[in-house]
Amino acid sequence: MRVALGLSYDGSAFCGWQTQPQVPNVQDTLESALKRFTTFDISTICAGRTDTGVHATHQVVDFESPVDRPIASWVRGVNTFLPPQVSVRWARFVPEDFSSRFSARERTYEYWLLNDPVRDPLTENRVGWVFRPCDESLMREAARCLIGEHDFTSFRASECQAKSPIRTIHEVTIRRCGRFIGIRLRANAFLHHMVRNIVGSLVYVGTGRETVRWFEEVLEAKNRTVAAPTFAAAGLYLAGVQYPEELQLPNYSPTPWNFPG
């Protein structure tokens with residue numbers, strides 16, 4: 001049988017999702033727990049590989065189970081063998097042809113900024129930090145050009161292995177919640193570092209370093225060198241993965257910062 005799990009994890013504890021020798025990563029941590037729970041080696045596939053320091057409230061993984069266990073035990077049992085930084089939130093049986101990566105129709109990322117003159121030790125490794133005053137209304141105006149299908153080369157990491165830079169963004173929502181600014185992007189898929197590169201350029205606009213028109217020209221340029229530097233990983237959360245309705249899988253989990261609206 002095939003099993004899908006919804007995961008939440010603190011990315012600051014890991015060097016990303018993907019298995020790597022001699023460094024802590026989420027995939028090896030989960031697969032070690034699955035082995036202790038089932039006594040079998042299990043290989044997992046995830047909906048989206050997160051980088052070092054990037055968090056998830058709604059990562060989705062799937063695997064072929066060598067044992068038959070009640071669905072509830074996949075949550076309680078696996079969590080018994082996971083460290084505090086990782087948690088299985090839900091489990092479902094899925095069809096044999098299901099793939100957490102290739103069956104996904106949309107993904108949602110949220111980026112959270114602390115906009116305060118002084119850094120806050122209580123949010124260290126949880127949010128990005130902008131100490132200059134940041135106008136979220138200007139960021140919102142600039143981000144309108146991102147909606148729809150575009151070539152996102154200007155916001156693509158040089159090491160990105162995607163075959164095409166074309167992606168379709170369905171939603172960009174930017175809202176302030178006290179000292180925090182939340183940026184939510186929902187798209188069919190994302191390029192490597194795409195969200196963090198977009199956030200970096202939006203911060204340039206919000207702080208007055210660049211204009212709304214500059215941001216639009218960056219997108220049009222299809223040239224990574226004209227955009228702002230990649231923003232910090234700390235504020236980025238994989239918060240949603242949407243699948244066909246007939247699978248009846250959860251598709252979103254809110255971040256700790258409780259995105260308004």
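Pairs passing the salt bridge (charged side-chain N to carboxylate O under 4.0 Å, His left out) check and including a residue from residues 37-47, sequence neighbours excluded, read Lys35-Asp41. Annotation: ring-ring contact (aromatic ring centres under 6.0 Å, His included) contacts involving residues 200-231, sequence neighbours excluded, comprise Tyr111-Phe231, Phe155-Phe215, Tyr204-Trp214. Residue pairs meeting the salt bridge (charged side-chain N to carboxylate O under 4.0 Å, His left out) criterion with at least one member in residues 52-70, sequence neighbours excluded, are Arg2-Asp62, Arg2-Glu64. Applying the salt bridge (charged side-chain N to carboxylate O under 4.0 Å, His left out) definition to pairs two or more places apart or across chains, those involving residues 97-121 are Glu106-Arg186, Glu110-Arg184, Asp116-Arg179, Asp120-Arg179. Applying the side-chain hydrogen bond (donor to acceptor under 3.5 Å, both in side chains) test to residues at least two apart or on different chains, the pairs with a partner in residues 130-147 are Asp135-Ser137, Glu136-Arg176. The stretch residues 12-43 participates, sequence neighbours left out, in these ring-ring contact (aromatic ring centres under 6.0 Å, His included) pairs: Phe37-Trp74.
Under the rule for a ring pair (Phe, Tyr, Trp, His ring centres under 6.0 Å), the partners of His150 that lie at least two apart in sequence or sit in another chain are Phe152. Under the ring pair (Phe, Tyr, Trp, His ring centres under 6.0 Å) criterion, Phe93 pairs with no residue at all, not counting sequence neighbours. Under the salt bridge (Lys or Arg N to Asp or Glu O under 4.0 Å) criterion, Glu216 pairs with Arg213, not counting sequence neighbours. A search for side chain to side chain donor-acceptor pair (under 3.5 Å) contacts involving Tyr9 returns Thr50, Gln59, not counting sequence neighbours. Looking at residues two or more places apart in sequence or on another chain, you find a side chain to side chain contact (heavy atoms under 4.5 Å, CB included) between Thr19 and Asn25, Gln27, Asp28.
Separation of atoms CG (Leu236) and NE2 (His193) is listed at 9.5 Å; rounding is to 0.5 Å. Summarising the geometry, atom CG belonging to Leu185 is positioned 14.0 Å from atom CZ belonging to Arg167; distances are rounded to the nearest 0.5 Å. Note: Cys177 SG to Asn115 CG = 12.5 Å, rounded to the nearest 0.5 Å. Thr108 contributes atom OG1, which lies 8.5 Å from atom CG of Leu238 (distance to the nearest 0.5 angstrom). To the nearest 0.5 Å, atoms CG (Leu5) and CG (Leu30) are separated by 6.5 Å. Between Ser253 atom OG and Tyr237 atom OH the span is 13.5 Å, to the nearest 0.5 Å.
Around the CZ atom of Arg89, the shell of radius 6.0 Å holds no more than 12 heavy atoms that belong to other residues, nucleotides or ligands.
Under a 3.5 Å cut-off, the side chain of Thr230 and the backbone N or O of Arg196 do not form any donor-acceptor pair. Between the side chain of Thr153 and the backbone N or O of Lys222, no donor-acceptor pair lies under 3.5 Å.
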Report all side-chain donor-acceptor pairs from residues 156-165 shorter than 3.5 Å, counting only partners two or more places apart or in another chain.
from, atom 1, to, atom 2, distance (Å)
Arg156, NH2, Ala162, O, 2.3
Ser164, OG, Ile166, N, 3.1

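Using bins of under 30°, 30° to 60° and over 60° for the plane-to-plane angle, the ring pair Trp257/Trp112 lands in the tilted bin.
At a cut-off of 3.5 Å, with distance as the only test, no side-chain donor of Asn125 or His55 sits close to an acceptor on the other residue.
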